[in-house]
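All figures in this text were calculated on a predicted structure; none of them were measured in a lab.
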Amino acid sequence: ELNTDPVIVEFREDGNHEFTIENSKKAKVIVHHYLKDEKGEYTTTKVAEDEIIEQTDSETYITNPKLDLEEYKLEKDEEGKYILPENATGRYKESETIEVIYYYEEKDIPLTVHYYIEGTTIPVALKDGSLAQTIKKEGKENEGYTTKPINENILDERYELVAIPDNAEGVYTHQEVVVTYYYRLKEEIFTLIKTDFNGKVLKDAVFNLKNKETGKIYTITTNVEGKVEISLPVGEYELQEITAPEGHKLNKEIKDINIE
């Protein structure tokens, strides 16, 4: 620190003169950011670079933790409050260096598991009539994780798993892990035969099959044998003729069909 006190020096002809001007050492604060490991032990492993605060005109200092680190979070107590060092703020000590240490823990990385109907973000149904709930877990970086599909004993019998997702098992990295299991309605063969009142098969009769749950419409046409087969997801449908065979009157009756 600059010594601003004036020094008076008298020079004489009768010899050498020696004098000393002393500078006092500046007070400063060094702020460390260290890791508290998974065993709960305090280390000197840096999670951020040290900061040096040198005394200016003020007699007091203030330090701050790093709250925006990507991989680490400031340690907390059992009540969830941040733990700050006792000397996080204070007064400079003349010609001394104060060390302030903040400790950080590895952040928990979130894992989210969804159970959706294929092509949607609608949760799949369960046997008890409820919908599958999203599962949330957490883990540390480089830890392994595993997920599972819905147990068949509780899954709605109408649905089946499309496939096991590629990331159903893996290792936690910096980013949130999202695993999505997709389910689809099981399919059954629906067969329709169109005849007249005399039992003669009729071709080119066109029908719409509307799924009552999804609203999806399937259009089918009878062949020369008066027959049409189609694989449909299980569920309840409305069947309606929309084009009659040549020479025949359109049947406008709507029939309920249950495919199971």
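The environment of NZ in Lys255 is sparse: at most 12 heavy-atom neighbours from other residues, nucleotides or ligands sit within 6.0 Å. At most 12 non-hydrogen atoms from other residues, nucleotides or ligands lie less than 6.0 angstrom from CD of Gln133. By the neighbour-count criterion of 12 heavy atoms within 6.0 Å, atom CD of Glu71 is densely surrounded, having more than that number from other residues, nucleotides or ligands. At most 12 heavy atoms of other shown residues, nucleotides or ligands fall within 6.0 angstrom of atom NZ in Lys203. Environment of NZ in Lys127: crowded, with over 12 heavy atoms of neighbouring residues, nucleotides or ligands closer than 6.0 Å. For Glu225, the CD atom counts as loosely surrounded, since its 6.0 Å shell holds 12 or fewer non-hydrogen atoms of other residues, nucleotides or ligands. Within 6.0 Å of atom CD1 in Ile62, 12 or fewer heavy atoms from other residues, nucleotides or ligands are found, so the atom counts as exposed in its surroundings.
One finds no salt bridge joining Glu105 and Lys73 here, because no Lys/Arg side-chain nitrogen approaches an Asp/Glu carboxylate oxygen to under 4.0 Å. Under a 4.0 Å N-O distance rule, the pair Lys194/Asp204 does not qualify as a salt bridge.
Side-chain N or O atoms of Lys28 include none that pairs as donor or acceptor with a backbone N or O of Glu96 at under 3.5 Å. A donor-acceptor contact shorter than 3.5 Å is absent between the side chain of Thr191 and the backbone of Glu229. In this structure, Asp37 contributes its side chain and Lys39 its backbone to a donor-acceptor pair below 3.5 Å. A donor-acceptor pair under 3.5 Å links the side-chain atoms of Thr222 to the main chain of Leu202, judged by distance alone. Judged purely by atom type and a 3.5 angstrom limit, Thr243 has no side-chain atom pairing as donor or acceptor with the backbone of Ala205. A donor-acceptor distance shorter than 3.5 angstrom exists from the side chain of Thr63 to the backbone of Ala88, with no hydrogens or angles considered. Within the 3.5 Å criterion, the main-chain N or O of Gly226 finds a donor-acceptor partner in the side chain of Asn223. Glu241 places a side-chain N or O within 3.5 Å of a backbone atom of Asn251 that can act as its donor or acceptor partner.
For the side chain to side chain donor-acceptor pair (under 3.5 Å) condition, no pair includes a residue of residues 78-90, sequence neighbours left out.
Side-chain contact, Thr112 with Glu176: a donor N or O sits under 3.5 Å from an acceptor N or O. If you check the side chains of Glu75 and Tyr42, you find a donor sitting under 3.5 Å from an acceptor. Between the side chains of His33 and Tyr104, at least one donor N or O lies within less than 3.5 Å of an accepting N or O. Side-chain contact, Ser231 with Glu187: a donor N or O sits under 3.5 Å from an acceptor N or O. Under the 3.5 Å distance criterion, with hydrogens and angles disregarded, a donor-acceptor pair is assigned to the side chains of Glu99 and His32.
Taking Asp256 as the reference, Lys212 meet the salt bridge (charged side-chain N to carboxylate O under 4.0 Å, His left out) condition, with sequence neighbours excluded. Remark: Tyr183 pairs with no residue by the side chain to side chain donor-acceptor pair (under 3.5 Å) rule, at least two apart or across chains. Judged as a side-chain contact (heavy atoms from CB on, under 4.5 Å), and not counting sequence neighbours, the contacts of Thr180 are His114, Tyr116, Val178, Tyr182. Qualifying salt bridge (charged side-chain N to carboxylate O under 4.0 Å, His left out) partners for Lys186, counting only residues two or more places apart in sequence or in other chains: none. Residues forming a salt bridge (charged side-chain N to carboxylate O under 4.0 Å, His left out) with Lys148 (at least two apart in sequence, or on another chain): none.
Atoms CD and NZ, from Glu236 and Lys210 in turn, are 13.5 Å apart once rounded to the nearest 0.5 Å. Rounding to the nearest 0.5 Å places CD1 of Ile217 at 9.5 Å from CD of Glu238. Here Thr43 contributes atom OG1 and Glu41 contributes atom CD; the two are 9.0 Å apart, rounded to the nearest 0.5 Å. The NZ atom of Lys107 sits 11.5 Å away from atom NE2 of His174, with the distance rounded to the nearest 0.5 Å. The structure places CG of Asp108 at 4.5 Å from CD of Glu138, a figure rounded to the nearest 0.5 Å.
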Would you please test Val171 and Tyr145 for side chain to side chain contact (heavy atoms under 4.5 Å, CB included) and show each step?
CA-CA 6 Å; Val171 175; Tyr145 70 85; 5.6 Å; no
I'd like to know whether Glu160 forms a side chain to side chain contact (heavy atoms under 4.5 Å, CB included) with Arg184, so could you lay out the CA-CA distance, the side-chain angles of the two residues, the decisive distance to 0.1 Å, and finally the verdict.
CA-CA 6 Å; Glu160 62 183 4; Arg184 64 189 170 207; 3.2 Å; yes
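Below 30°, between 30° and 60°, or above 60°: for Tyr103 and Tyr34 the angle between ring planes is between 30° and 60°, a tilted geometry.
Following chains of ILVMFWY side-chain contacts shorter than 4.5 Å, one can reach Ile154 starting from Ile122, so the two form part of one hydrophobic cluster.
Close placement of the Tyr92 and Tyr61 rings is indicated, their centers lying within 6.0 Å of each other.
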